[in-house]
Amino acid sequence: MTDSSRLRIAIQKSGRLSDDSIALLKAIGVKLQIRDRLLIAHSTNQPIDLLRVRDDDIPGLVMDGVVDLGFIGENELEEKMLERQAASKRSEFSTLRRLDYGGCRLSIAVPSEFNYQGIQSLNGMKVATTYPYLLERFFIEKGIDASAVMLTGSVEVAPRAGVADAICDLVSTGATLEANGLKEEEVIFTSKAVLIQRGGSLPPEKQALIDRLLPRIDGVMQAKESKYIMLHAPKAQLDDVKALLPGAENPTVLPLASCDKTVAIHVVSTETLFWETMEKLKALGCSSILVMPIEKMMG
Ligand code: ATP
Ligand code: MG
């Protein structure tokens, strides 16, 4: 059973968002014991319970206030919001963070032999999709007279099965489209995973926990983008070396005990150091050039 004083978070049980969402929770210090078949997982070190559900259910659970937080793709969130608006249901929530995983786009694709000549080619078409509200909003915005055919799965086979003329589905690499003889023509929505919070105020201790976790999420995301760079550089070339280091306004420059012509430089960089730059540093006389991942950061 769940206890209402514990923070309730909905995550996708199994699918494209599950592993990254769990990894993020673990990275921010939430210890979890997940048993595959169970709907609920309790944190062993924080007052947090996870509700593991299909991603389709997450926006509703947050908007109905059944859970406090949810990890969800923006595509699913926006679709459910439009669906609830159409049914005059409340859709109160706030987006706390846009996350760095779950990236994809919702696109219209047509059979590769179709002679697509721009958006007007969609007029009169039947387009199969799992996202009818997003698709219809796109048709209205663009003044296209086409219809959405709702399918909950296997959208990509709809044209071959004679169910629709085109499809509107999620794409990341485009390999699935290609394998099904389809080509991507219009991107109608770009999406990433987000962390959302239910509307209304939460008990102070729950809100305080969220307020402590958010900077940790920022720290984890920042750390993933950053690198710690260390190298030895000839003192005489210091300015040229600094100019080559990406995003390094204020590197730490340390003397070396054994040699007064060389210094050690340490810098946290938000960009990666490319091989080409490392070669240029070497040519300037630098040595022991190390680029290391950062696990956690706090500003
Ligand atoms: P569920 O059983 O939970 O309903 P699902 O089949 O609807 O799962 P998944 O395929 O696991 O969902 O995708 C979940 C979310 O992952 C998508 O809604 C989207 O936000 C994101 N995503 C990222 N890349 C892709 C992709 N290439 N194809 C589909 N979804 C992707
Ligand atoms: Mg789903």
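Ligands are counted one by one from 1 in listed order, and the atoms in each one are counted from 1 as well.
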Is there at least one protein heavy-atom neighbour under 4.0 Å from atom 22 (N) of ligand 1? yes
Considering only NZ, NE, NH1 and NH2 on the basic side and carboxylate oxygens on the acidic side, decide whether [X] and [Y] come within less than 4.0 Å.
X      : Y      : result
Asp68  : Arg198 : yes
Asp49  : Arg6   : yes
Arg105 : Asp169 : no
Lys89  : Glu83  : no

Heteroatoms of the protein, restricted to N/O/S, which lie under 2.8 Å from the Mg ion (ligand 2): Asp55 OD1, Asp56 OD1
What protein heavy atom sits nearest atom 7 (O) of ligand 1, and how far off is it?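 So the nearest neighbour among protein heavy atoms is Asp55 OD1, 3.1 Å.
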Closest protein heavy atom to atom 2 (O) of ligand 1, given as residue, atom name and distance to 0.1 Å: Arg54 NE, 3.3 Å
Numbering the atoms of ligand 1 from 1, which are under 4.0 Å from a heavy atom of [X]?
X      : value
Leu17  : 15 (C), 16 (O)
Leu170 : 17 (C), 18 (O), 19 (C), 28 (N), 29 (C), 30 (N)
Gly15  : 11 (O)
Gly73  : 20 (O)

If you look at every heavy atom in Ala158 and Ile167, which pair is closest and at what distance?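 Nearest pair, atom of Ala158 first, then Ile167: CB-CG2, 4.5 Å.
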Between Leu170 and Cys104, what is the shortest heavy-atom contact and its length?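 So the minimum-distance heavy-atom pair works out to CD2-SG, 3.9 Å.
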Is there a side-chain contact between Leu244 and Asp240 (heavy atoms, below 4.5 Å)? no
Of Leu69, Ile72, Leu77, Leu17, which meets side chain to side chain contact (heavy atoms under 4.5 Å, CB included) against Ile58? Ile72
Side chain, backbone, both or neither: which part of [X] has a heavy atom under 4.0 Å from ligand 1?
X      : value
Asn75  : side chain
Gln12  : side chain
Ser172 : both

Backbone or side chain, does any N or O of [X] fall under 3.5 Å from an N or O of ligand 1?
X      : answer
Glu74  : no
Ser191 : no
Glu76  : no

Within-shell test, Gly103 vs ligand 1, heavy atom, strictly < 4.0 Å: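 It does, in that a heavy atom of Gly103 comes within the 4.0 Å cut-off of ligand 1.
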Full working for salt bridge (charged side-chain N to carboxylate O under 4.0 Å, His left out) between Arg98 and Glu74: CA-CA 9 Å; Arg98 193 168 200 239; Glu74 287 171 309; 2.7 Å; yes
CA sep, side-chain torsions, deciding dist, call: Asp100, Lys192, salt bridge (charged side-chain N to carboxylate O under 4.0 Å, His left out): CA-CA 7 Å; Asp100 56 3; Lys192 278 192 166 186; over 6 Å; no
Does the pair Gln207 and Asp211 meet the rule for a side-chain hydrogen bond (donor to acceptor under 3.5 Å, both in side chains), with working shown? CA-CA 6 Å; Gln207 191 58 55; Asp211 293 345; 3.1 Å; yes
Could you work out, for atom 31 (C) of ligand 1, the closest of Lys13, Glu79, Arg16 by heavy-atom distance?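 Answer by nearest heavy atom: Arg16.
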Between Arg90 and Asp64, is a salt bridge (charged side-chain N to carboxylate O under 4.0 Å, His left out) present by the stated rule, with each step listed? CA-CA 8 Å; Arg90 255 179 356 119; Asp64 290 331; 5.7 Å; no
Passes salt bridge (charged side-chain N to carboxylate O under 4.0 Å, His left out), Lys80 versus Glu78? Steps please. CA-CA 6 Å; Lys80 286 293 184 296; Glu78 188 81 3; over 6 Å; no
